[in-house]
Protein chains: 2
Amino acid sequence: MASSSEIGLAAGMNILTAIAFLVAFAILRIQPLNDRVYFPKWYLKGLRNDPLQSGAFVQKFVNLDFRSYLRFLNWMPAALHMPEPELIDHAGLDSVVYLRIYLTGLKIFVPIACLAFTVMVPVNWTNRTLEQSKLTFTEIDKLSISNIPTGSNRFWTHLVMAYTFTFWTCYVLKREYEIIAAMRLHFIASEQRRPDQFTVLVRNVPPDPDETVNELVEHFFLVNHPDHYLSHQVVYDANFLSNLVNERKTKQNWLDYYQLKYNRNNQSKRPSMKTGYLGLCGKRVDAIDYYQSEIDKLSKEICKEREKITKSSKYVMPAAFVSFKTRWGAAVCAQTEQSRNPTIWLTEWAPEPRDVYWDNLAIPFVSLTIRRLIIAVAFFFLTFFFMIPIAFVQSLANIDGIVKAAPFMKGLLEVKFVTSVIQGVLPGIALKIFLIILPSILMMMSKFEGFISISTLERRSATRYYIFQFINVFLGSIITGTAFQQLNNFIHQSANEIPVTIGASIPMKATFFITYIMVDGWAGVAGEILRIKPLIFYHLKNFFLVKTEKDREEAMNPGSLTFNTGEPQIQLYFLLGLVYAAVTPILLPFIVVFFGLAYVVYRHQIINVYHQQYESAGAFWPDVHGRIITALIVSQLLLMGLLSTKEATQSTPLLIVLPVLTIWFHRFCKGRYEPAFVRYPLQEAMMKDTLERAREPCLNVKNYLENAYVHPVFNNANRWDGIDDGVSDDEWPKEPTLVATKRSSRTTTPAQSQRSESTRTLLCVTDERSCP
Amino acid sequence: MASSSEIGLAAGMNILTAIAFLVAFAILRIQPLNDRVYFPKWYLKGLRNDPLQSGAFVQKFVNLDFRSYLRFLNWMPAALHMPEPELIDHAGLDSVVYLRIYLTGLKIFVPIACLAFTVMVPVNWTNRTLEQSKLTFTEIDKLSISNIPTGSNRFWTHLVMAYTFTFWTCYVLKREYEIIAAMRLHFIASEQRRPDQFTVLVRNVPPDPDETVNELVEHFFLVNHPDHYLSHQVVYDANFLSNLVNERKTKQNWLDYYQLKYNRNNQSKRPSMKTGYLGLCGKRVDAIDYYQSEIDKLSKEICKEREKITKSSKYVMPAAFVSFKTRWGAAVCAQTEQSRNPTIWLTEWAPEPRDVYWDNLAIPFVSLTIRRLIIAVAFFFLTFFFMIPIAFVQSLANIDGIVKAAPFMKGLLEVKFVTSVIQGVLPGIALKIFLIILPSILMMMSKFEGFISISTLERRSATRYYIFQFINVFLGSIITGTAFQQLNNFIHQSANEIPVTIGASIPMKATFFITYIMVDGWAGVAGEILRIKPLIFYHLKNFFLVKTEKDREEAMNPGSLTFNTGEPQIQLYFLLGLVYAAVTPILLPFIVVFFGLAYVVYRHQIINVYHQQYESAGAFWPDVHGRIITALIVSQLLLMGLLSTKEATQSTPLLIVLPVLTIWFHRFCKGRYEPAFVRYPLQEAMMKDTLERAREPCLNVKNYLENAYVHPVFNNANRWDGIDDGVSDDEWPKEPTLVATKRSSRTTTPAQSQRSESTRTLLCVTDERSCP
C-alpha cells in the first residue's frame, strides 16, 4: 500500500500534468492556426470564418495579442455561461443529457463527501486498531473502516451512513429522471417538425406471391390504418452502390486536387502520377485524364447499379418506412401490434434519418433471435476468456520467437538494451491493442445483433463495455487474477462468501483506485480538452494531404460524444464512489474533482468542438439510471460482506433491507418514468397535430416526407458536387399513389370491403394533395 | 427405500382405490337422485329436466334399469367423443386449453417413456454395480442411473437421451404454443360480439379541480380519440350497497320459503319464527310479516344508498370503462400510452364484465408499487418461514397445554387412548389446515396486489402456488429439512454444489415420488370425478336447507376449473417427469397414467359438471409454457449435478449447452407467440369491424354497450325476482351525450382547438345515433 506521502506525490504529479494540459490548451486554442481544431463546431454551423484569410501574415498563424494570454482560463466561465435551453438549441438534447450525467455525479457525491468527512472520518480516525496491530499502515488506512476494531459498536455509524447514502442517491436519481423525462417530452413537443415524428419503420413484411413489397405495404396500411396512412418508402439493398459512390467521391477529390495544382502552376505542366499502389509504382500517366476516365467509368457503373436496384425486385428488402398524415396516426401504429403473427409486420418508431443503420433493416425475426444467442455466447467468452489469445500472442512475442521467425534480426537482438525494451514492452502491447480495439469489437457485435439505429447500437455497446469493465477492471483489480479464474472461484464459493471475499479486499485497494482516478480521470479529461490527436492529425493532414477546401473541412474531424465508450467510463467512477463512500471516504474528493473537471471540459467541448451525429432526445437515460442503481446495489452487497468479516453480524439483516428497497425503487422508477423514453403519448401527439393544423392549415405533409427516408446514397449521389450521373431525381421511382390490388379475391366479403376501404382512403389522400 | 414388491403393493392398492372410486361414480351417476350433482352444467344450460318430476316414485330416486349398470364405463368414450370445436362452444376456450395441458403431458411423456424403456432401461439394468456394492437396493434402483459404475462410458447414453428429451419437449411445446395461439386468435375473431372487444379500462384518472371524473374522462377521450370514442361508464364504489343487496336477497329467500310453507299448509297456520341467532332464541314472531318488514326496511336503505352513490362524487372512483365505436379504436387505445405522465390515464383491455374484480379498480399507481413490494416480501417469508408459526401452534397443542387451558378435561386426558390420538393427530392438523387454506392466502395476496380481473388473480396465485410447491414439496422432499434450512444451506454452499447436492439425492427419492403420484395423482383424480364433497353437501342441503327451487339450483354447486390450485399441481408432475426421465425412467409410466386418467376425467367434468366463471380465451398458456420450460431447465441442472458426482466430468460442458439452448428457445417462443396472448392485432380488429359493418350496417353499438359495465349490484338489484325498489332504470344517471367543458381556458390555442375538436366529434356521435 502506498503511503500518504506517495499518494500526495502522485496527486501532485497528476495535478501538474492536468494543469500543464490545461495551460497548453489555453495557449494553443488562441492561436489562429489551431482555430479549426478547437472550434470546429462553429465552422460547421457556418458561424465562424477562417482567421487565415484576413490580417497580417504572422497574425494569421500566431496570436500576438499578449493580453489574451493573461486571460488563459477564461474558457471555463465561458463554457459554464451558456444556459441550458440555449445549449439544447446549439448542440441538441443528447449532449445536454450527457452533461447531466456529470452533474448527477456532483449532486450525489458532493453532499456525500461532506457528510462522510464530518461524520465518518472522525469515527474512523479516533481508533487505535491499526497502531496496535503492528501491521504496516498509512494515514489513508487510518481514515478508513480498517481502523475500527472488530465487533465495535462504531459500525452502526457505517450502517446509518449506508442508509443515508442510499436514500440520498435514490432521491437525486429520482429527481434527475423526473427532470430529464420532462426535458425529453418538452423537447419532443416543442421542436421543429421532424420526419421521424410521422414515420414508422415496418420490418419483416411477409413475402407474397401476388404482390411486390411496395404494393403489399401500401395495401396493408390502407386497409388497417385507413384514416391515417399517407405514404411509404421501401428500403433498397444499396450497400454495393454505396461503395461505388464512395469510391467515386475519393477519385473526384483527387481530380479536384490535380486540377487545382494544374491551375496554380499557370497551366504550364500537366500533373502526372503512377497508377500502382499509393502512387508509388506502376505506369506513369496524366493524372487529370486518368481520374477523369476513372470517374466516367464509375459513373456508368453507378448508373447501371441504380437502374438494377430500381428495376429488380431482388434489391427490395422486406422493410419500409411508412408515413402517416398525423403524429397521432404514427404513434398509434408504432405502439400497436399489426398482424396476428407477431413476427411479421413489426412496427416501431423510425429513427431519425441520420440515425438509421441501413444495413440491418432486412434481418428476419428468426435470424434475429439466433444472432442474439450467438452474440450472448460470444460476449461471455470475450469477457471471461479474452486473456487466452492475448497470452498466446504474448508467448509468441518473446525474443526466441522473434529470432526464429526473423533470423536476420539476431545481431540486433543481442544488444541488451533492445532485448530489455522488447521484453518489457511487447507483452503489454498485445493487451493494449486489444483494449483499444475492444469498443470496435463490441460495436461490431451490436451490429451483428441487428439493431437498426446508430443510437441503439451505441447504447448496446455501452452496456457490454460496462459489463466488461465491471468484471475486468473493477473486480479484476480487487481480486487479482483473470476474469475466468474469478468466475471459477465464484462458482466454487458459496453465495454468501462472494461479497465477503470482495468486500474484505476493498479497503486495501483504495490507494490503487485513487491513483487510477487521477491518471485515467483527471489527466484523461485534461487530455481530452487538449485534443492532442486531432491537433496533430489536423496539422499533418493540412500540411501533406489537404488538397481542397472540402479536405480541410474533413481534416477538422470534430468528433462527437462517444456514448459507447464514454458513459461506461463515467459509470466506473459512480461505482467507485458509491462502493468507497462508506469504506474509505478519502476517495470521494478525488471523484468529486473528476466530475467537476469533466463537467466543465465536456461542456466546453460540446459547445465548441463536437459535431452531433444523431439526436435521440436523451433516450439513453434509462440505461444510465439503471447502471447507477446497479452500482448502488453492488456497494450495498460489498459493505454487507465487509461488515460480516468485522463481526458486526447484528447489522447484516438491516443491510439486506437496502438492496431490496433499492430494487423496488428501480422498479418504481421504471414504471413511472421509463415509458417517456420508449413510447410517445397520444395526448402529446394530438396536441402537436392540433397546433400544427391551426398554424399551417394547408401544410403538405406528403411533400415534406417524400425523400426523408431515401437511402443516403441516392440522396448523396446527386448532391456530391453537383455531378450529374445521368439519372435525374424524376426518374427515381415515385411511390405510386394508386395501386390496384393484383390479389385475386380469396375471401368474399372482407376483401370486397377492404378494397372499397382503400379506394375511399386514396380519395382522401388525393384530396389532401389538392391543397396548394 | 421401498422394495419393488412394496411399490407393487402400493400401486395395487391405489389402483384398487381408483377403480373403486370409478365404479362408485359409475353407479352413482346413473341414479336420478344424483342427477343434479353429476350433470349440473346441463341444468344450468337449461338442457336437462329434473328426473324427479316424472316417472314412477321409486324410479325417481333409484335407477332400476339393470342394463345401464353393465355399461358402467361408457362415460369414458362419451367424454372423449365430443369434438374440440363443439367443446369450445359448450364450455369455452379456457376449459379446452386447460385440457390441452394434460394432452401436452401425454404428448411429451408417452414418446419419452417408450424411448427410455427401449434404450435406457437396458443400459441401466445390465450392470452389476449395486450387486457388488453390498448396499441394500431394490429392483427399481437396478433400473435407475444408480446402477451404472462411476466414470462409466455408459453415461453418454444419458447425455444423448437428455438432449433427445429436451428437443422433443421443446418441439411439443412449440407446436402446442402455435396451436393454442391460433385457437385463441380464431376464437377471438369468430366469436360473438362481446362488450370487452369495444371497451378499455382507464385507471388513475387524475383529480381535477374543475371537472368531475365523468366529465374529465369524456373530454379527454373526445380530444385524444376523436374519431373512435363512443361512451364511457365511470366506476362507483358500491361495496356497501352490494352487501345490502345480498342481505335482502337472503331475506327474500326466507320470505319465499315461509310463503310456500304457508300455502302448502292450505293457509291454515301462519308460520312463526324466533328473531335471535339462527332462529334458536329470541322473541317468537310471525315469519312472513317479519321478513316482509325487514325487506321493506332494507329496500329503503338500498334506495338511500343508491341515491347517495349517484349524487355524491365521493363514491366515484377515478376509473372508467371507455367504449369505442370500433374494435380498432379500442385496440389502439388499449395498446398505447395516453398521457405524458405514464402513471395516469392507464389504459388496458377491459376484462369480460363477469371477470372484473370491482374492488381493485381504484388503487393509485404509487400504492400499487408499494403493495407489490409488501407482497413480495410477505411471500418470501410465507414460503421460507411458514413452519415457524405452525411449529409454535404445535408446541402449544400438546397435552400439558390443553390441561392448563382447560382443567376440566383433565380426567378425559388421563385415558391413554385419547392422549395418543391427540398427540398423534394434533401436530399434523395445524399443518394440514395451513395447506388447505394456503390457496386462499395466496389469492388474498393477489387481491391485495391490486389486479383487476379474476383471471389475472388466479394466474398470479397459480404462479405463487407453484413456487411454494416447488420449494416445499419438490425440494423439501428431496432434501429433508424446512425450506428455511435449505435456503440457509444454499447460501452457504457454492453455486456449483447446489445441483450436485440435489442431483445426488434424486435417484433415492424415486419410490417416494411414485407413491406420491399414485396417492395424490391417481386417487385424487378418481376422487375428483366422484365429487364426494358436493355429493354429500347436495344431499344434506337438499334434505335440510333447500326451501325453494332457487335454493336447489344453488345447492348443485357445479364448481369450476380452479386454475390457481389445479395448474400448479399438474406442473409438479411435469417437473417430476422431466427430472426423472433420464434418471429413473420407471417413474414415467406412472406419470403417463396420471395424465391419461386426468385428461379423461377432466374432459368429462368439463362437459357435464363445471360451470365456467369467466372466459379469458386461454390467456394463461404463456404461464403454463414458462413453467414447463422451468421444469426442463431444473431437470438439466440436476442431471448435470448428478453426473458430476458420477465422475462423468467430460459430459458437463456438453450439458451446459442444454440450459442455454432452452433459455434461448423460451425467449424465441416469448417473442414469437406471447404477443398473441397480450395484445390484439389491429389487422384482426379491422377485419372484424369491416365484416360487422357489412353485415349489420345499422348496428347501434352504443345501446349494445350501455349497461355492459355497470357494477353488477345495479344490474342485479332490479333483476332479483323483479322487485321494484323504487328506483327505475330511467332514473339512473345516463352518461350525458354533451357535456360543456367547465374548465376555464388556461392556454389559448390548444384548448380552443380541443374544444372545437370535441364538439365536432359529439356531432358525429349524435349522427350515428340517428340510425334506427
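So that the names make sense, note that chain A is the first sequence line, chain B the second, and so on, each numbered from 1. Just so you know, these numbers come straight off a predicted model, no measurement behind them.
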Student: Pick from A/Leu368, A/Leu185, A/Leu682, A/Asp689: which one has the most heavy-atom pairs with chain B under 4.5 Å?
Tutor: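 Most pairs with chain B among the choices: A/Leu682.
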Student: What pair of heavy atoms forms the shortest contact from B/Val377 to A/Val660, and how long is it?
Tutor: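 Looking at all heavy atoms of both residues, the shortest contact is CG2-CG1, 4.5 Å.
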Student: Indicate the ring-plane relationship of B/His225 and A/Trp328, choosing parallel, tilted or perpendicular according to the 30° and 60° boundaries.
Tutor: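 Correct class here is perpendicular.
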Student: Looking at B/Asn224, B/Ile370, B/Ile663, which has the largest count of heavy-atom pairs under 4.5 Å with chain A?
Tutor: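 Between B/Asn224, B/Ile370, B/Ile663, the count favours B/Asn224.
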Student: Sub-3.5 Å donor-acceptor pair from the side chain of B/Gln335 to the main-chain atoms of A/Glu337, do we have one?
Tutor: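 Such a contact is found between B/Gln335 side chain and A/Glu337 backbone.
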Student: If we ignore hydrogens and angles and just use 3.5 Å, is the side chain of A/Trp664 paired with the main-chain N or O of B/Ile374 as donor and acceptor?
Tutor: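 Here the side-chain-to-backbone pair does not exist.
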Student: Just give me the residue among A/Ala331, A/Ala376, A/Gly671, A/Ala181 that pairs up with chain B most often, heavy atom to heavy atom, under 4.5 Å.
Tutor: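 Answer, by heavy-atom pair count under 4.5 Å with chain B: A/Gly671.
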Student: Can any side-chain N or O of A/Trp345 pair as donor or acceptor with the backbone N or O of B/Gln683 at less than 3.5 Å?
Tutor: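 Side chain of A/Trp345 to backbone of B/Gln683, a donor-acceptor pair under 3.5 Å: no, none is there.
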Student: With a 4.5 angstrom heavy-atom cut-off, which part of A/Leu661 approaches chain B: side chain, backbone, both or neither?
Tutor: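 It is the side chain, since no backbone atom gets that close.
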Student: What are the two closest non-hydrogen atoms of B/Thr336 and A/Val332, and how far apart are they?
Tutor: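 Taking every non-hydrogen atom into account, CG2-CA, 4.1 Å.
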Student: What distance separates B/Phe220 CZ from A/Met686 CE, expressed to the nearest 0.5 Å?
Tutor: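 Answer for the CZ-CE pair, B/Phe220 versus A/Met686, is 10.0 Å.
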